[in-house]
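Comments concern the structure below.
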Amino acid sequence: MAAFSRRGLLLAGGAFTLTACGPKTAAPVAKPHDPLTLEQAVAGAWRTPADRARDVWRHPLETLNFWGLKPGATVVEFWPGAGWYTDILAPFLAATDGKLYAADLQTNDTGEPASAEMVSAYRRKLREKPKLYGAVEITAFGPTSGPVAPAGSADLVLFLRNLHNWMAAGIAEKAFHDAFVALKPGGVLGVEEHRASPGGVPDLLAADGYVQQAFVVQMGKEAGFILDKTSEINANPKDTKDHPFGVWTLPPVRRSSPRGLPEDPTFDHTKYDAIGESDRMTLRFVKPT
């Protein structure tokens with residue numbers, strides 16, 4: 001599908017290339033088979049050092065607490081990518097009798113072998129450590145996909161830095177609709193997304209990877225959600241949002257040339273590395289009871 005090709009493997013805003021920032025984890029590390037608190041899942045020894053290094057930008061403990069993740073919850077993670085958040089969610093839910101649905105790429109519509117390989121790699125990751133991850137149920141999300149989870153079953157649905165991809169593909173409204181159907185009355189939709197500067201006309205294709213917060217709120221309300229609250233947990237005031245290759249100029253992607261062209265070895269990353277990862281909105285929507 002051409003719309004998917006336009007973004008290709010930018011899934012989750014480039015969640016597969018990692019930076020080297022110091023982790024911020026003080027909780028005791030639990031073994032995978034032990035009962036887990038959320039703090040222990042975030043500090044889990046199974047998470048790679050590179051993944052844990054990004055906690056200073058993504059604040060998973062604070063963010064998941066803001067969204068209200070509870071032991072034993074049923075959660076739907078849209079487009080989990082390489083599994084950065086899955087490495088926290090799946091062990092925590094498996095250890096607390098919860099359930100994780102991973103609504104992965106609908107690869108039959110993308111026409112991209114690399115996308116299919118990414119989905120296969122995610123499945124292999126889960127199969128290799130079944131005791132750690134538990135019984136994650138993989139569904140699909142895409143232009144013609146069906147339910148991401150049984151209707152009215154989910155306590156929490158997560159959109160993690162993917163709205164810009166869905167806007168480019170023309171399926172952002174479908175994402176909100178599918179999330180609404182999957183959630184229980186009173187259930188929560190958590191959104192983390194690169195935040196554009198306010199004002200002006202929103203770019204409906206999110207060509208630079210940034211999305212206006214007011215536009216996301218509007219899409220949520222049109223889908224039937226109530227905006228419960230917002231947070232600045234993942235804000236970065238140093239992000240000027242005017243980078244030569246969009247948000248992907250910043251870590252973790254660190255693009256040095258237009259997409260589809262070879263990397264430019266002369267490109268100076270210093271200024272962009274000093275900014276760090278993008279400024280992000282963190283929103284909590286609720287399905288009315």
Spatial distance of atom [atom1] ([X]) from atom [atom2] ([Y]) [nearest 0.5 Å]:
X    : Y    : atom1 : atom2 : value
Q40  : L61  : CD    : CG    : 11.5 Å
E128 : Y133 : CD    : OH    : 8.5 Å
L189 : I226 : CG    : CD1   : 12.5 Å

Side chain to side chain contact (heavy atoms under 4.5 Å, CB included) evaluation trace for W46 with D51: CA-CA 10 Å; W46 55 89; D51 277 4; over 6 Å; no
If we only count heavy atoms from C-beta on, is the [X] to [Y] side-chain gap below 4.5 Å?
X    : Y    : value
T230 : M281 : no
R123 : R127 : yes
L69  : L89  : yes
R58  : T63  : no
Y85  : L64  : yes
S256 : H269 : yes
F215 : M167 : yes
W57  : S278 : no

Note: R47-D87 ion pair, threshold 4.0 Å (strictly below): no
Charged N-O contact under 4.0 Å between R195 and E232: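 So R195 pairs with E232 through a salt bridge.
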Stepwise side chain to side chain contact (heavy atoms under 4.5 Å, CB included) check, N236 with E277: CA-CA 8 Å; N236 180 0; E277 296 196 19; 5.6 Å; no
Check: [Y] main-chain N/O paired with [X] side-chain donor or acceptor under 3.5 Å:
X    : Y    : value
K287 : F180 : yes
T96  : G72  : yes
Q212 : G199 : yes
Q106 : T144 : yes

Heavy atoms of other groups near K70 NZ, more than 12 under 6.0 Å: no
H177, NE2 atom: more than 12 neighbouring heavy atoms under 6.0 Å: no
Y272/F245 aromatic ring centres below 6.0 Å: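 Between Y272 and F245, the centre distance exceeds or equals 6.0 Å.
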Trace of the side chain to side chain contact (heavy atoms under 4.5 Å, CB included) decision for R284 with F66: CA-CA 8 Å; R284 175 184 158 106; F66 171 74; 3.8 Å; yes
Over-ring placement of K99 relative to Y101, 6.0 Å and 45° cut-offs: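 Flagged: K99 positioned over aromatic ring of Y101.
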Side chain to side chain contact (heavy atoms under 4.5 Å, CB included) between F141 and K174, intermediate numbers included: CA-CA 9 Å; F141 172 68; K174 184 177 187 297; 4.0 Å; yes
Shared hydrophobic cluster for V181 and L183 (ILVMFWY, side-chain gaps under 4.5 Å): no
Among L105, D104, L126, side chain to side chain contact (heavy atoms under 4.5 Å, CB included) partner for P80: D104
All pairs passing side-chain hydrogen bond (donor to acceptor under 3.5 Å, both in side chains) where residues 179-189 contributes a residue, at least two apart: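 Passing the test, one end in residues 179-189: D155-K184.
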Donor-acceptor side-chain pairing of Y122 and T86 below 3.5 angstrom: yes
Whether H164 and W248 hold their rings parallel, tilted or perpendicular, with breakpoints at 30° and 60°: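 Because their plane-to-plane angle lies in the 30° to 60° range, the rings of H164 and W248 count as tilted.
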Parallel, tilted or perpendicular, as decided by the 30° and 60° cut-offs, for the rings of W79 and W166: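 Correct class here is perpendicular.
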